[in-house]
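Structure below; questions to follow.
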Amino acid sequence: MIEKLFNEQTVAVDVQVKDWVEAIKFGGNLLVESDAVETEYIDAMIENVKKMGQYIVIAPGLAMPHARTWCEKNCYGFTKTKNTCSFWS
């Protein structure tokens, strides 16, 4: 079951990003490239944080961005950044 949600296309490690927006864009693009979502999903995830704050941070160093837009298929992406990425600015 988990192999249907995560795969080589949707997992990336040691990614260098400048901020949380770039981190969400990078992870979102993995989902776009795997045909799981459209690019509008990335914009919706970023907009959620801007509107509702950092609620996606579920533990130190761990965030789970998401949006309420239609997806092509159920999936998860995982992006581990090389540098610290703060959602508080």
Side-chain angles (χ1 to χ4, degrees):
M1 175 68 174
I2 196 162
E3 63 275 356
K4 291 182 181 180
L5 299 176
F6 289 100
N7 59 58
E8 290 178 4
Q9 289 181 296
T10 60
V11 174
V13 295
D14 292 332
V15 176
Q16 186 74 35
V17 296
K18 65 180 179 185
D19 58 21
W20 66 268
V21 174
E22 191 173 291
I24 290 177
K25 285 181 180 180
F26 186 94
N29 279 320
L30 294 177
L31 299 177
V32 170
E33 291 169 9
S34 71
D35 296 322
V37 300
E38 299 292 327
T39 55
E40 293 82 12
Y41 189 78
I42 299 169
D43 298 332
M45 289 190 292
I46 293 167
E47 223 20 65
N48 277 348
V49 177
K50 288 180 178 178
K51 281 184 186 175
M52 296 185 269
Q54 304 84 2
Y55 75 99
I56 65 170
V57 177
I58 58 175
L62 183 62
M64 194 169 182
H66 56 280
R68 272 191 194 215
T69 59
W70 188 79
C71 297
E72 299 290 330
K73 59 185 176 183
N74 290 331
C75 69
Y76 289 94
F78 179 83
T79 302
K80 167 73 174 91
T81 60
K82 189 178 247 184
N83 55 313
T84 302
C85 179
S86 177
F87 283 81
W88 284 267
S89 43

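For clarity, every value in this text was computed on a predicted model and none was experimentally measured. In what follows, residues are counted from 1 in the order of the sequence shown.
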Please give me the minimum heavy-atom distance between R68 and N48, naming the atom from each residue.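 Nearest heavy atoms, R68 then N48: N-ND2, 4.5 Å.
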
Only pairs at least two apart or in different chains count here, so list each ring pair (Phe, Tyr, Trp, His ring centres under 6.0 Å) that has a residue in residues 45-66.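 Matches after skipping sequence neighbours: Y55-H66.
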
Taking everything shown except M52 itself, do over 12 heavy atoms lie less than 6.0 Å from its CE?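 Counting neighbours around CE of M52, more than 12 heavy atoms of other residues, nucleotides or ligands fall under 6.0 Å, so yes.
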
Those residues that, when tested against V15, pass side-chain contact (heavy atoms from CB on, under 4.5 Å) (two or more places apart):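 Residues passing side-chain contact (heavy atoms from CB on, under 4.5 Å) with V15: A12, V17, F26, T79.
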
Atom pairs and distances, side-chain donor-acceptor, residues 29-43, under 3.5 Å, sequence neighbours left out:
from : atom 1 : to  : atom 2 : distance (Å)
N29  : ND2    : K25 : O      : 3.0
S34  : OG     : L30 : O      : 3.4
S34  : OG     : L31 : O      : 3.0
Y41  : OH     : A67 : N      : 3.2

Distance from D14 atom CG to N83 atom CG, nearest 0.5 Å?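 Between D14 CG and N83 CG, I get 10.0 Å after rounding to 0.5 Å.
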
Are side-chain heavy atoms of V49 and I24 found at a separation under 4.5 Å?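 Yes, close enough: below the 4.5 Å cut-off.
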
